[in-house]
Amino acid sequence: MAVRFDVITLFPELFAPFQTVGVTRRAFESRAVDVHLWPLRDHAEGVYRRVDDRPFGGGPGMVMLVEPLVRALQAIRADQQAAGGERLPVILFSPAGRPLTQSRVQALAQSAGAVLLCGRYEGVDQRFIDAYVDEEISLGDYVLSGGELPALTLMDAVARLQPGVLHDAASHEQDSFSDGLLDCPHYSRPEMLTLPEGQEMGVPSVLMSGHHAHIARWRREQQLAITARRRPELIEAARARGELSKQDEHFLSNLPL
Ligand code: 4GT
């Protein structure tokens with residue numbers, strides 16, 4: 001079944017590249033991912049088509065008005081119902097949300113989809129959030145000018161998990177985070193690389209050995225070493241899930257700090 005995204009945005013133009021290049025284009029063309037753009041301005045009223053106003057209590061910036069958002073959501077609900085679909089949850093992208101994870105992406109990839117609300121200005125009037133938003137998602141601890149890039153990020157992450165979208169069906173089982181660890185390094189031709197500066201760079205010899213068990217063990221150890229160094233909390237989480245073998249623990253206990 002296709003995953004449907006209804007995107008409420010002031011800048012629908014930002015979504016065009018998603019449909020014209022790469023893996024996301026394939027997902028779109030194969031109808032595995034169905035994107036409906038809802039330009040918020042279409043639901044604004046008056047000569048000025050206002051979608052924002054000044055915050056009560058004062059302070060800098062503007063707040064997204066509730067009423068245009070409610071009308072956009074009503075239009076979406078009507079369209080979803082006409083298409084015979086279910087009522088999709090409303091996701092708001094916000095730095096105050098829960099961090100996006102690969103497991104949340106996987107769940108969405110197997111769901112009917114979501115309404116994605118892209119905030120602008122200082123954010124959305126809290127009453128719309130209280131009344132209609134099911135989930136707030138953050139991409140990380142930094143501030144963007146709007147929720148459009150987070151929405152594109154989420155749809156990209158979901159699109160590449162759709163069956164038939166990636167060339168190699170196994171490739172997402174090997175992604176960073178699919179096993180809760182960071183990815184191992186990758187190498188390709190040439191086997192001996194000469195940089196313009198003259199430096200020669202080879203490939204780890206185990207990868208040229210043809211010994212599949214040794215290669216798998218080396219990759220696992222690279223994942224463990226890189227994760228322990230950069231994201232030690234992911235090692236702790238994998239351990240808590242019982243996903244580290246005795247061999248893994250032995251390798252980790254011999255890693256230099
Ligand atoms: C960062 C994130 C996000 C913003 C994030 C309201 C208007 C929020 C602009 C928006 N910044 N949205 N989702 N880290 N900015 O995910």
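Each ligand, and each atom within it, is numbered from 1 in the order the structure gives.
Atoms of ligand 1 found under 4.0 Å from any heavy atom of Phe93, numbered from 1 in the order shown, are 13 (N). Contact atoms of ligand 1 toward Arg120: 7 (C) (distance under 4.0 Å to a heavy atom of the residue). Close approach of ligand 1 to Ser145 (heavy-atom distance below 4.0 Å) involves ligand atoms 9 (C).
Protein heavy atom closest to atom 7 (C) of ligand 1, with residue, atom name and distance, is Tyr121 O, 3.1 Å. Among all non-hydrogen protein atoms, the one lying nearest atom 14 (N) of ligand 1 is Gly140 O, 2.8 Å. Protein heavy atom at the shortest distance from atom 12 (N) of ligand 1 is Pro95 CD, 3.6 Å. The closest protein non-hydrogen atom to atom 5 (C) of ligand 1 is Leu139 N, 3.6 Å.
At distances below 3.5 Å, at least one donor-acceptor pair connects side-chain atoms of Asp248 with backbone N or O atoms of Ser245. Under the 3.5 Å distance criterion, the side-chain polar atoms of Asp134 are matched with a main-chain donor or acceptor of Val90. No donor-acceptor pair closer than 3.5 Å links the side chain of Arg31 to the backbone N or O of Ala2. No side-chain donor-acceptor contact under 3.5 Å links Glu200 to the backbone of Thr194.
The two atoms that bring Gln162 and Ala109 nearest to each other are NE2-O, 3.1 Å, heavy atoms only.
Using a 4.5 Å heavy-atom threshold, the side chains of Leu152 and Leu149 count as touching.
Not a single N or O atom of Gly123, backbone or side chain, sits closer than 3.5 Å to an N or O atom of ligand 1. Here's the thing with Val143: none of its N/O atoms is less than 3.5 angstrom from an N/O atom of ligand 1. Inclusion of Tyr142 in the set of residues having an N or O under 3.5 Å from an N or O of ligand 1 is warranted. No N or O atom of Gly119 sits closer than 3.5 Å to an N or O atom of ligand 1.
Ring pair Phe18/Phe28 is perpendicular by interplanar angle, where above 60° counts as perpendicular and below 30° as parallel.
For Glu67 and Arg71, the salt-bridge test fails: no basic side-chain N is under 4.0 Å from an acidic carboxylate O.
Remark: among candidates Ser138, Ser94, Pro99, the nearest residue to atom 13 (N) of ligand 1 is Ser94, based on non-hydrogen atoms. For atom 10 (C) of ligand 1, the nearest non-hydrogen atom from the set Leu144, Leu149, Leu92 belongs to Leu144.
At a 4.0 Å heavy-atom cut-off, ligand 1 touches Pro150 through the side chain alone.
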Criterion salt bridge (charged side-chain N to carboxylate O under 4.0 Å, His left out) on Arg26 and Glu29, from CA distance to verdict: CA-CA 5 Å; Arg26 271 209 297 285; Glu29 282 176 350; over 6 Å; no
